[in-house]
Structure formats: C-alpha cells, structure tokens
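Comments concern the structure below.
Residue numbers count from 1 along this sequence.
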Amino acid sequence: WRLATGNANINDCNTGIVLVTTAGRIVGANVQATHRLVAATSANRGAYRTTMRAYRDRLWAIGAITTAQANSLSTCINRF
C-alpha cells in the first residue's frame, strides 16, 4: 500500500503537520483522526474546540509539534 503524503488537514485548513515523517512518526495522521473523532462526538463547537485545544497543547508539550505547527493547528481548530 502507499502511505499518505502531505500535511494533516482539518476540512480545507492545512495544519502544517506532516501526515507521516520519514522516520515513521504519524503525528499528522493522528491529528486528522483525532479531529474526526472529536468532531463526531462533541456536543457542540465549543466542546470540540476545548478538546482539540487540549490535544494541541499535549502535542506541543511533548515536542511532537513545533510552536508554528501548534499555531497553524489553532487556526484550523478555530475555523472548524
């Protein structure tokens, strides 16, 4: 099979987070999957945004995403 390439997107918003790195890290793929799960299970947009912001903060805190990526992800979360 072929691995997806490019960056994670939330709808048409590019998060700047690579789906799969050359080292095999799948942070971007996890961002997309988490977005879909949270969007499907949140009671409203406020709940979605709260959950996704906490997820973004955890990714940044462990060094899985850069500050620039966290900022791009924030933009996409706010647009959803």
Side-chain angles (χ1 to χ4, degrees):
W1 81 82
R2 300 184 85 189
L3 292 176
T5 59
N7 293 337
N9 289 297
I10 293 178
N11 291 345
D12 63 349
C13 184
N14 185 340
T15 66
I17 303 168
V18 177
L19 287 169
V20 181
T21 68
T22 55
R25 293 180 66 205
I26 57 169
V27 177
N30 283 326
V31 167
Q32 283 191 169
T34 300
H35 153 70
R36 289 183 185 126
L37 176 65
V38 174
T41 59
S42 293
N44 54 50
R45 284 187 178 189
Y48 166 84
R49 289 177 178 153
T50 297
T51 301
M52 287 299 293
R53 286 174 183 145
Y55 176 65
R56 174 209 57 209
D57 292 348
R58 287 191 306 274
L59 290 175
W60 181 81
I62 64 171
I65 61 174
T66 66
T67 298
Q69 290 170 326
N71 290 338
S72 292
L73 181 53
S74 293
T75 297
C76 294
I77 290 166
N78 291 335
R79 286 184 184 171
F80 181 74

Exercise. Answer yes or no: is there a side-chain heavy-atom contact under 4.5 Å between I62 and R58?
Key: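 No, side chains not in contact.
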Quiz item: Is any side-chain heavy atom of V18 less than 4.5 Å from a side-chain heavy atom of N7?
Solution: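 Side-chain contact under 4.5 Å: yes.
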Decide whether [X] and [Y] are clustered together by the hydrophobic rule: side chain heavy atoms of Ile, Leu, Val, Met, Phe, Trp, Tyr closer than 4.5 Å, transitively.
| X | Y | answer |
| --- | --- | --- |
| L59 | V20 | no |
| V38 | L73 | yes |
| L19 | I26 | yes |
| L37 | I77 | no |

Exercise. Please report the closest heavy-atom contact between S42 and A47, naming both atoms and the distance.
Key: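 Answer, listing the atom of S42 first, then A47: OG-C, 4.0 Å.
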Quiz prompt | Considering all heavy atoms, the nearest A8-G28 contact | solution =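 The pair with the smallest heavy-atom distance is CB-O, 3.2 Å.
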Interatomic spacing from [atom1] in [X] to [atom2] in [Y] - rounded to 0.5 Å:
| X | Y | atom1 | atom2 | result |
| --- | --- | --- | --- | --- |
| F80 | I10 | CZ | CD1 | 8.0 Å |
| N9 | N14 | CG | CG | 5.0 Å |
| M52 | N78 | CE | CG | 11.0 Å |

Quiz prompt | Side-chain H-bond candidate by donor/acceptor type, N30 with R25, under 3.5 Å | solution =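 Side-chain D/A pair, N30 to R25: absent.
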Exercise. Check the angle between the aromatic planes of Y48 and H35 and answer parallel, tilted or perpendicular using the 30° and 60° thresholds.
Key: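 Y48 and H35: perpendicular rings.
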Quiz item: If you count the non-hydrogen atoms of other residues, nucleotides and ligands that lie under 6.0 Å from CG in N11, is the total more than 12?
Solution: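 Buried by this count: over 12 neighbours within 6.0 Å.
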Quiz prompt | Residues that S74 engages under side-chain hydrogen bond (donor to acceptor under 3.5 Å, both in side chains), provided they are two or more places apart | solution =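 Result, side-chain hydrogen bond (donor to acceptor under 3.5 Å, both in side chains) vs S74: R56.
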Quiz item: So which of N71, V31, T15, V27 actually passes side-chain contact (heavy atoms from CB on, under 4.5 Å) with I65?
Solution: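 Between I65 and the candidates, side-chain contact (heavy atoms from CB on, under 4.5 Å) is satisfied uniquely by V27.
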